[in-house]
2 protein chains.
Amino acid sequence: MLDVLQRPVDRLDPLDRQIIGCLTRDARATYAVIGDEVGLSAPAVKRRVDRLVADGVIRGFTALVDPEVLGWTTEAYVEVFWEGTPSPLELRRSLGEVPEVVGAWSVTGSADALVHILAADIPHLEEAIERLRQQPNVHQTRSEVVLSRLIDRARP
Amino acid sequence: MLDVLQRPVDRLDPLDRQIIGCLTRDARATYAVIGDEVGLSAPAVKRRVDRLVADGVIRGFTALVDPEVLGWTTEAYVEVFWEGTPSPLELRRSLGEVPEVVGAWSVTGSADALVHILAADIPHLEEAIERLRQQPNVHQTRSEVVLSRLIDRARP
DNA sequence: GCTGAAATTCAGCCTCA
DNA sequence: TGAGGCTGAATTTCAGC
């Protein structure tokens with residue numbers, strides 16, 4: 001049980017954090033460029049990045065794509081109110097049935113879960129929310145349709 | 001004004017979509033590897049990627065970091081109620097002042113914006129929300145603290 | 001798409017604490 | 001032992017053509 005208490009964060013020194021910062025800003029930066037910024041040689045940076053990936057600190061590298069270009073123009077956050085006391089497992093199974101759900105979190109407050117939905121357009125969104133409502137134990141929903149994306153910072 | 005009507009999506013052919021798919025899976029993949037997968041030479045892939053970035057289809061490349069490792073264990077979605085009629089520009093400037101805000105969207109419904117906050121712990125979260133409340137024109141907030149992450153599907 | 005020069009990656013080796 | 005710097009070969013990038 002001791003390793004539960006030893007937070008993985010302990011394995012990250014300031015240099016690791018700087019390197020992670022560089023890579024979140026630009027995942028395709030060369031090791032030499034990162035090295036210049038953090039004060040290490042390119043090979044030293046590579047060794048640390050390899051270690052961070054192997055340890056699961058860095059889960060991967062991805063491209064940030066403008067969702068509009070892919071045709072996913074409609075986005076909504078939906079609060080879900082549950083009948084009875086939901087277990088995270090039930091919630092996950094129920095919400096996961098709707099493919100348009102790209103994110104879901106159980107939350108404090110009057111709602112039980114917050115669900116992020118991506119759809120092609122408003123009729124598609126409406127239909128997806130309808131399917132969400134028909135999931136067992138989903139009692140009520142309250143939707144907020146995204147008008148515009150204001151901030152979308154990469155994780156630090 | 002005509003180029004406003006011409007949706008960027010029109011400029012994406014199946015090859016572009018395949019390349020975007022590769023880069024979403026691994027932003028550090030070499031052009032040669034991508035080329036093997038989509039049936040192009042490395043220079044041809046590079047030219048397309050450069051064009052996709054220049055056109056804003058690809059907004060950047062980032063590393064996916066395990067938030068728990070960084071110690072950002074506390075997450076909340078905050079509805080922001082605005083005094084008067086907010087412009088997206090004002091909203092962005094106001095909300096962007098708080099570094100803990102990692103995402104923000106203007107939304108329909110009673111709230112004006114939905115804000116995603118990451119913090120180290122509950123006191124840090126409380127302090128960040130307090131700073132959010134003190135931004136000019138922010139009238140009221142309603143927070144939902146995330147208890148657990150149920151679904152986090154990668155964007156298509 | 002091909003080519004070739006420049007840049008980058010990356011494994012092996014050495015050094016230091 | 002572990003972490004960094006250096007070196008040089010293999011690979012990748014990238015600007016002509």
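Convention: sequence-line order gives letters A, B, ...; per-chain numbering from 1. Remember, it's a predicted structure, so these values are computed and weren't measured experimentally.
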Could you tell me whether the side chain of A:R48 has a donor or acceptor atom within less than 3.5 Å of a complementary atom in the base of D:dG4? no
Which residue lies toward the 5' end of DNA chain C, A:D50 or B:A44, if each is placed at its nearest nucleotide? B:A44
Which nucleotide sits closest to the side chain of B:P43: D:dC14, C:dT9, C:dG1? D:dC14
Would you mind telling me which of D:dC14, C:dC10, D:dG4 lies closest to the side-chain atoms of A:Y31? C:dC10
Would you kindly check if the NZ (Lys) or CZ (Arg) of A:R133 is within the cone defined by 45 degrees around the ring axis of A:F81 and under 6.0 Å from the six-membered ring centre? no
Separation between CG of A:L150 and CG of B:L91, rounded to the nearest 0.5 Å: 5.5 Å
What is the separation between atom CZ on B:R28 and atom C1' on C:dT8, rounded to the nearest whole Å? 10 Å
Looking only at side chains, do B:S106 and A:S148 share a donor and an acceptor under 3.5 Å apart? yes
Expressed in angstrom and rounded to an integer, what is the separation of A:F61 atom CZ from C:dT9 atom C1'? 14 Å
Taking the side chain of A:L40 as heavy atoms from C-beta outward, which of D:dT13, D:dG5, C:dG1 is closest to it? D:dG5
Any B:K46 side-chain nitrogen or oxygen under 4.0 Å from OP1 or OP2 of D:dC14: yes
Let me know the distance between CG of A:D13 and P of D:dG4, rounded to the nearest Å. 8 Å
Can you tell me if the side-chain N/O atoms of A:R47 get under 4.0 Å from OP1 or OP2 in D:dG5? no
Which one, C:dT9, D:dG5, D:dT13, comes nearest to the side chain of A:S41? D:dG5
Taking NZ, NE, NH1 and NH2 as the nitrogens, is one of them in B:E127 or B:R131 under 4.0 Å from a carboxylate oxygen of the other? yes
Ignoring hydrogens and angles, does a donor from either the side chain of A:R51 or the base of D:dG2 sit under 3.5 Å from an acceptor on the other? no
